[in-house]
There are 2 protein chains.
Amino acid sequence: MFLEDDLKAARAAEIAHALAHPARLQILESLAAGGVYVMDLTRTLGRRQANISQHLAVLREAGLVRAEREGMAVRYTLRREAVGQLLALLDSLAADLPLRAVGRRRRCRGRRGRR
Amino acid sequence: MFLEDDLKAARAAEIAHALAHPARLQILESLAAGGVYVMDLTRTLGRRQANISQHLAVLREAGLVRAEREGMAVRYTLRREAVGQLLALLDSLAADLPLRAVGRRRRCRGRRGRR
DNA sequence: GGAGTATATTCGTAATATCGAATAAGGAGC
DNA sequence: GCTCCTTATTCGATATTACGAATATACTCC
């Protein structure tokens, strides 16, 4: 799939990149439950409005969410349901991932012994 | 899932980040078909050995792949099959993503009134 | 031990991401 | 028009990433 189509690989990488930030994952999770307004996100996530808006721009440009004006506010919704499946998969992977993966630790390289 | 667990969100973001590069997606796709050696990847992907090794390190630290020495070579395999499902989902999303998402273009959002 | 092969890491640099502060822009209501 | 509320964008500083080149490490064979 990606090996023979560089453009598709680039698109997929952009999508993955859009997912690659805790705040954006939380935004998407909020959206998965139904459309929400930006103001709700700033309260829920405890981040500056500008910051939320910046993250939303990343998600928008990746094609993962859609923005619709409703009067003064803007309602965001997931553009595809596959996004919800992606979240679920990431969640399950994150759940049973060995601790080592996160803490930026020294890495234990085979250092031979084992094998 | 991520809203109430910052650590899990961070892990999931790290996993997504590991996926967020065309070369790493291609590496994972190669691995999905069965273990491969680094030398194979350098040939298949047409990248420098050091570069492949650097990308493999990212995948390793994210817990997505496992490295096993086999004599002089090192064989890499997917650590979890959920990774294959992630790839498939990314592929389908990338397939029907509107073009606009990739080209870093000026963004055309509803902008309704055409300003 | 030495030479050769396969893989990993370090270093320097250019490109990119993240964040807050400030500012701009859309819309409602007066 | 002006003001308030909501959201978006720009700017500047800092941090992180990607890459090649060079170097280091692990292993095999002689």
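Values reported hereafter were calculated over all heavy atoms of this structure, with side chains retained and with hydrogens, waters and symmetry mates removed. Each chain gets a letter, A, B and so on, in the order the sequences are listed, and its residues count up from 1.
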Original post:
Would you say the side chain of Q54(B) and the base of dT10(C) hold a donor-acceptor pair, judged only by whether the two atoms sit under 3.5 Å apart?
Top reply: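 In this structure, the two groups form a donor-acceptor pair.
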
Subject >> Side chain E70(A) and base dG27(C) donor-acceptor under 3.5 Å >> reply: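 Absent.
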
Original post:
For Y76(B) and dA8(C), is the shortest distance between a side-chain N/O and OP1 or OP2 below 4.0 Å?
Top reply: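 Result: yes.
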
In whole angstrom, give the distance that lies between atom [atom1] of [X] and atom [atom2] of [N].
X	N	atom1	atom2	value
L56(B)	dT9(C)	CG	C1'	13 Å
E61(B)	dT9(C)	CD	C1'	11 Å
H55(A)	dG20(C)	NE2	C1'	12 Å
M72(A)	dC4(D)	CE	P	13 Å
H21(B)	dA15(C)	NE2	P	15 Å
L59(A)	dT7(D)	CG	C1'	15 Å
R69(A)	dA28(C)	CZ	C1'	11 Å
R75(A)	dG27(C)	CZ	C1'	18 Å

Original post:
In terms of side-chain heavy atoms of M39(A), which of dA8(C), dA6(C), dT6(D) is nearest?
Top reply: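 Of the candidates, dT6(D) comes closest.
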
Original post:
Where along residues 24-37 of chain A does a heavy atom fall under 4.0 Å from DNA chain C?
Top reply: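 Hits under 4.0 Å, by residue number: R24(A).
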
Subject >> Any residue of residues 42-52 of chain A with a heavy atom less than 4.0 Å from an atom of DNA chain C >> reply: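 Only R47(A), R48(A), A50(A), N51(A) qualify.
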
If I take atom [atom1] from residue [X] and atom [atom2] from residue [Y], how far apart are they, to the nearest 0.5 angstrom?
X	Y	atom1	atom2	answer
H55(A)	L28(A)	NE2	CG	11.5 Å
L56(B)	I27(B)	CG	CD1	4.5 Å
R79(A)	L64(A)	CZ	CG	9.0 Å

Original post:
Are L78(A) and Y37(A) joined in one hydrophobic group, where the rule is that I, L, V, M, F, W and Y side chains link up if heavy atoms are under 4.5 Å apart?
Top reply: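 No, because L78(A) and Y37(A) fall into different hydrophobic clusters, even though each may have its own neighbours under 4.5 Å.
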
Subject >> A82(B) to L89(A) - nearest heavy-atom pair and separation >> reply: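 Scanning both residues, the minimum pair turns out to be CB-CD2, 4.0 Å.
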
**OP:** Heavy atoms only: give me the nearest I15(A)-A94(B) pair and the separation to one decimal.
**Re:**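 It is CD1-N, 3.8 Å.
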
Subject >> Side-chain heavy atoms of R24(B) within contact of H17(B), under 4.5 Å >> reply: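 Heavy-atom side-chain distance check passes, below 4.5 Å.
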
Subject >> Close side-chain approach of S30(A) and D40(A), heavy atoms under 4.5 Å >> reply: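 Counting from C-beta outward, S30(A) and D40(A) never come under 4.5 Å.
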
Original post:
Closest nucleotide of DNA chain C for S53(B) versus for H17(A): which of these residues is on the 5' side?
Top reply: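 Result: S53(B).
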
**OP:** Any chance you could lay out the side chain to side chain contact (heavy atoms under 4.5 Å, CB included) test for Q49(A) and I52(A), step after step, and finish with the verdict?
**Re:** CA-CA 5 Å; Q49(A) 178 269 320; I52(A) 293 290; 5.8 Å; no

